[in-house]
Amino acid sequence: MSIRSKLLVLAAALLLAGQAIASERLTLRIGDQKGNMRAQLEAADALRDLPYDIHWAEFPAAAPLAEALNAGAIDAGIIGDAPLLFVQASGAPVKAIAVDKYDPYGTALLVRPDAPLHSAAELKGKRIATGRGSIGHYLALKALEQAGLSEKDVEFRFLGPVDAKTALANGSVDGWSTWEPYTALAELSGQGRVLVSGRGLSNGNSFLAATDQALSEPARRAALQDYLNRLAGAQVWAYQHLDSYAKTLAAIIGFPEAAARRHFERSQLHWQVIDPQIVAEQQRTADFYHGHGLINQRLDVAPTFATGFTLPSAAKLAVQP
């Protein structure tokens, strides 16, 4: 074979290799908590004709999800406002790109149904289980403050949801500060009663957060925008088809259908773009944590929000029954 022919063969091989690389589908690595986002997308059939693949990673709570974001093991994930602050305070390369607003009733401090406790003021000297830095931790601190108490007036036991649920049931703790769907499950199973709800105490913000690395790649950033659009539409569909959605959610998270439905129906979730009010709410939360010594230095949250992400209009989100 002549040198020219060899060069032509080599050029053809390089072209084919380049085409193969170009045709490789992008994979978004998404972190979810108890099937939240995945359940909505699957129930609404919103994953049809995806121009990319999704690798799902499910986490029982925000803390391990935050660790995965920090390590770059996932590209994006759903995380509450308080846990997001700890991620950002640690210097993790993560930014919030959109907010899922909700009625915070289900972010609640639970006690056993037969407990002789009827107000946050009666928690003095009691033991409270929650996840350190979780939205449950934030809610407990706010409830104590409103009652004229401080964290020094109680004993915190920092436990994951499964261990905290067991601790409340066996009397190892007097209260459990948690979030949905655990609140709904505890109520319906007769294992917990809401002593203090998050209404008036919590902002009701969960964020879709992504790593700086994912946001820096144009193709991955575009995939995240498409994912957000699909997620917003799926959420509208879920509220229009509660019965169908509750079955899908229950199957994915392994909870009874009634608990899955209760938590989703009363949460009244809706996606919003990041605006100055959201940033201000997050700043107040950061200042609260700093004031309680949970964040060593005052955190300016403004740089921890990504700009440029949009959401479909209400008309486009409307789903036909």
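Remember, it's a predicted structure, so these values are computed and weren't measured experimentally. By convention here, the first residue in the shown sequence is residue 1.
- Contact check for Leu110 versus Val194: side-chain heavy atoms found under the 4.5 Å cut-off.
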Verdict with reasoning, Gln40 to Thr248, per side-chain contact (heavy atoms from CB on, under 4.5 Å):
CA-CA 8 Å; Gln40 292 173 32; Thr248 301; over 6 Å; no
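- Sorted by first then second residue, the salt bridge (charged side-chain N to carboxylate O under 4.0 Å, His left out) pairs that include residues 90-110, not counting sequence neighbours, are Lys95-Asp212, Lys101-Glu281, Asp103-Arg199.
- Taking each heavy atom of Leu299 and Ala89 in turn, the nearest pair found is CD2-N, 4.2 Å.
- Using a 4.5 Å heavy-atom cutoff, the side chains of Gln282 and Thr304 are not in contact.
- Contact record, Ala92 with Asn70: CB-OD1, 3.2 Å, taken as the closest heavy-atom pair.
- Contact check for Val111 versus Asp174: no side-chain heavy atoms found under the 4.5 Å cut-off.
- Shortest non-hydrogen contact noted between Ala167 and Leu159 is CB-CD1, 4.0 Å.
- Summarising the geometry, atom CZ belonging to Arg193 is positioned 8.5 Å from atom CG belonging to Asp114; distances are rounded to the nearest 0.5 Å.
- Applying the salt bridge (charged side-chain N to carboxylate O under 4.0 Å, His left out) test to every pair with at least one member in residues 224-253, sequence neighbours left out, gives these pairs: Asp226-Arg230, Asp243-Arg261.
- A side-chain N or O of Glu151 and one of His292 form a donor-acceptor pair less than 3.5 Å apart.
- Using a 3.5 Å distance cut-off with no hydrogens or angles, the side chains of Gln191 and Ser189 do pair a donor with an acceptor.
- When hydrophobic clusters are built by joining Ile, Leu, Val, Met, Phe, Trp and Tyr residues whose side-chain heavy atoms come closer than 4.5 Å, directly or via intermediates, Val162 is not grouped with Phe255.
- Residues Tyr102 and Glu180 have side chains not in contact (no heavy-atom distance under 4.5 Å, counting atoms from C-beta outward).
- Under the 4.5 Å side-chain contact rule for hydrophobic residues, Leu208 and Leu50 share a cluster.
- Under the 4.5 Å side-chain heavy-atom criterion for grouping Ile, Leu, Val, Met, Phe, Trp and Tyr, Leu84 is connected to Val279 within one hydrophobic cluster.
- Minimum interatomic distance between Ala57 and Ile74 (heavy atoms only, all atoms of both residues): CB-CG2, 4.2 Å.
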Could you go step by step and tell me if Thr211 and Leu69 meet the side-chain contact (heavy atoms from CB on, under 4.5 Å) rule?
CA-CA 6 Å; Thr211 65; Leu69 277 171; 3.9 Å; yes
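- With 3.5 Å as the limit, one finds a donor-acceptor pair spanning the side chains of Gln272 and His270.
- Using modelled atom types, one finds a donor on one side chain and an acceptor on the other under 3.5 Å when comparing Glu122 with Ser119.
- No donor-acceptor contact under 3.5 angstrom links the side chains of Asp81 and Ser206, judged on distance only.
- Tyr227 places none of its side-chain heavy atoms less than 4.5 Å from the side chain of Asn229.
- Between Tyr245 and Tyr239, the ring centre distance reaches or exceeds 6.0 Å.
- Ring geometry for Tyr138 versus Phe288: interplanar angle over 60°, hence perpendicular rather than tilted (30 to 60°).
- Using a 4.5 Å heavy-atom cutoff, the side chains of Trp271 and Leu231 are in contact.
- Both Leu149 and Leu195 are part of a single hydrophobic cluster, where members link through side-chain heavy atoms under 4.5 Å apart.
- When the shell of 6.0 Å around CD of Gln146 is examined, it contains 12 or fewer heavy atoms from other residues, nucleotides or ligands.
- Taking the charged nitrogens against the carboxylate oxygens, Asp287 and Arg284 have no contact shorter than 4.0 Å, which rules out a salt bridge.
- Of the options Asp75, Leu41, Ile54, a side-chain contact (heavy atoms from CB on, under 4.5 Å) to Ile30 is made by Ile54 and by none of the others.
- In this structure, the side chains of Ser202 and Ile135 come closer than 4.5 Å at one or more pairs of heavy atoms.
- By the 4.0 Å N-to-carboxylate-O rule, Arg262 lies close enough to Glu187 to be salt-bridged with it.
- Under the 6.0 Å cut-off for aromatic ring centres, Phe158 and His137 qualify, their centroids lying closer than that.
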So Ile79 and Phe86, side-chain contact (heavy atoms from CB on, under 4.5 Å) or not? Walk me through it.
CA-CA 11 Å; Ile79 188 169; Phe86 279 87; over 6 Å; no
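- Closest approach of Pro181 to His263, counting heavy atoms only: CB-CD2, 3.4 Å.
- Closest approach of Tyr182 to Pro161, counting heavy atoms only: CZ-CB, 3.5 Å.
- No side-chain donor-acceptor contact under 3.5 Å links Asn203 to the backbone of Asn205.
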What verdict does the side-chain contact (heavy atoms from CB on, under 4.5 Å) test give for Asp163 and Arg157, after you've listed the backbone C-alpha separation in whole Å, the side-chain angles of each residue and the deciding distance to 0.1 Å?
CA-CA 10 Å; Asp163 291 335; Arg157 301 277 182 87; over 6 Å; no
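- With a 4.5 Å cut-off on side-chain heavy atoms, Arg266 and Thr183 count as touching.
- Residues Leu228 and Leu47 share a hydrophobic cluster, clusters being chains of Ile/Leu/Val/Met/Phe/Trp/Tyr side chains in contact below 4.5 Å.
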